[in-house]
Amino acid sequence: METNKKISIIVPVYNVEDYLTECIESILKQTYSNIEILLINDGSTDGSPSICDKYASLDNRVKVYHKENAGVSSARNFGLRNASGDYVGFIDSDDWISPKMYETMINCLEFEEAEMCIFTKYIRGKTELSISNIKTLNLNKQEAMMSILNYNFPTSLWTSLYKRSCLDGLYLNEEIHHLEDFEYQFRVLSSINKVAICHEAFYNYRLRSGSANSSGFNKKVISCFKVLPTVENYIKKNDTLDRKYIAATSSRLTLTVSAFLAKSNLKDKKIERQLKKNARVSWFDTLQTKVPYKKKILIVLLAISYNVYANPYRLIKN
């Protein structure tokens, strides 16, 4: 399928001088060439800004913006405000992608006449991993909403290619520092009608020390609870979605915070009591949804006691 539509690829950059060149090179080598790369330097203090500037001087498809540090959501929002493409994608600056990724995704999106395309697999190290067990080639809105509520829809923004028109007025909540992708993806899905599915692995994910997902517990993790009103308000306005998924989402957020706290081995009795309280409120309704059984077991353990949850969780993760 031939198309001349432009893809804007937004890359937040913060202190990634060791990985940035590989990331940019992989985007420039895409077989789909009608792209613009928006490198948003979010106040880096290493050699990242000069790497960005070098590539802007070498290829006119590369645009560089230098701004004060305000976090990844702020950088992505800056990119959204400056994107000029017909489609928008996101790449993390310490990862890299295979040459045919965007050609495959845009063809899939246009063939299905969808507003958004996701892929269900990615690569970590030398291993191909599944993000979702969706088997179909597309999902309607109802199917997509149920998938995301049941932990079966890719929420990382780098898994997706969007029609730019669907993102007009939609920006990430800069007050949320964990699960901000989930909250944004949920709002995007609530505004579209069809999602195309690509069942190939093109994205190479690098898990490194110092990244958000590998860092220990901090108060910013708790900001994920600000996700709940988005889900709750939408479900209450749509009779097609079971209200028990409000509780299931509360369980999801509670388990996210509990996991970070357990991995850190920190002791905070006040937070532990609150997590147990949340679990006791949400566990019964969560059990009656289609979220994964593992999550149901964990929320029940947490409802009994934080230590009953945390001790086996640490054994599993260590």
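Taking the side chain as every heavy atom from C-beta outward, K295 and L255 approach each other to under 4.5 Å. Side-chain contact check for D42 versus V72: every heavy-atom pair is 4.5 Å or farther apart. Residues S190 and M145 are in side-chain contact: their nearest non-hydrogen atoms beyond the backbone lie under 4.5 Å apart. Residues F186 and V227 have side chains not in contact (no heavy-atom distance under 4.5 Å, counting atoms from C-beta outward). Side-chain contact between S8 and I35 is absent, with no heavy-atom pair separated by less than 4.5 Å. Contact annotation: the side chain of K63 never approaches that of L39 to less than 4.5 Å [non-hydrogen atoms, C-beta and beyond].
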Please lay out, stage by stage, how D46 and V16 fare under the test side-chain contact (heavy atoms from CB on, under 4.5 Å). CA-CA 8 Å; D46 65 355; V16 285; 5.5 Å; no

If you apply the rule salt bridge (Lys or Arg N to Asp or Glu O under 4.0 Å), what do you find for D92 with R76, and how did you get there? CA-CA 10 Å; D92 287 352; R76 286 170 170 168; 3.2 Å; yes

Under the side-chain contact (heavy atoms from CB on, under 4.5 Å) criterion, do C224 and H177 qualify, and how do the steps go? CA-CA 7 Å; C224 73; H177 304 283; over 6 Å; no

If you apply the rule salt bridge (Lys or Arg N to Asp or Glu O under 4.0 Å), what do you find for K163 with D168, and how did you get there? CA-CA 10 Å; K163 273 192 174 180; D168 287 344; over 6 Å; no

List the steps and the verdict of side-chain contact (heavy atoms from CB on, under 4.5 Å) for S160 and L157. CA-CA 6 Å; S160 306; L157 300 193; 5.8 Å; no

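Under the rule for a ring pair (Phe, Tyr, Trp, His ring centres under 6.0 Å), Y184 has no partner lying at least two apart in sequence or in another chain. Partners of F78 by ring pair (Phe, Tyr, Trp, His ring centres under 6.0 Å), not counting sequence neighbours, listed by chain and number: Y65. K290 meets the side chain to side chain contact (heavy atoms under 4.5 Å, CB included) test with N150, Y245; sequence neighbours excluded.
Side-chain atoms of N133 and N152 include a donor-acceptor pair closer than 3.5 Å. A donor-acceptor pair shorter than 3.5 Å cannot be found between the side chains of S73 and E174. A side-chain N or O of Q142 and one of T240 form a donor-acceptor pair less than 3.5 Å apart.
Between E110 and K5, at least one side-chain nitrogen of the basic residue sits less than 4.0 Å from a carboxylate oxygen of the acidic one, meeting the salt-bridge criterion. We find that R61 and E36 are not joined by a salt bridge, their nearest charged nitrogen and carboxylate oxygen being 4.0 Å or further apart. A salt bridge links K269 with E272: the closest approach of a Lys/Arg side-chain nitrogen to an acidic carboxylate oxygen falls below 4.0 angstrom.
When every heavy atom of C198 is checked against every heavy atom of F202, the shortest pair comes out as SG-CE1, 4.0 Å. Across every non-hydrogen atom of L275 and T254, the tightest pair is O-CG2, 3.6 Å.
A donor-acceptor pair is defined here as one N or O able to donate and one able to accept, closer than 3.5 Å; such a pair exists between the side chain of E115 and the backbone of K194. With hydrogens and angles disregarded, no donor-acceptor distance shorter than 3.5 Å links the side chain of E25 to the backbone of C23. A donor-acceptor contact shorter than 3.5 Å is absent between the side chain of T286 and the backbone of S251. One N or O on the side chain of D95 and one on the backbone of R206 form a donor-acceptor pair closer than 3.5 Å.
For K54, the NZ atom sits in a packed shell: over 12 heavy atoms of surrounding residues, nucleotides or ligands are nearer than 6.0 Å. Within a 6.0 Å sphere centred on NZ of K29, heavy atoms belonging to other residues, nucleotides or ligands number 12 at most.
The OG atom of S305 sits 12.5 Å away from the CZ atom of R273 when rounded to the nearest 0.5 Å.
Aromatic rings of F90 and W158 (six-membered ring for Trp) have centroids beyond the 6.0 Å cut-off, not under it.
By the 30° and 60° cut-offs, the orientation of the rings of Y309 relative to Y313 is parallel.
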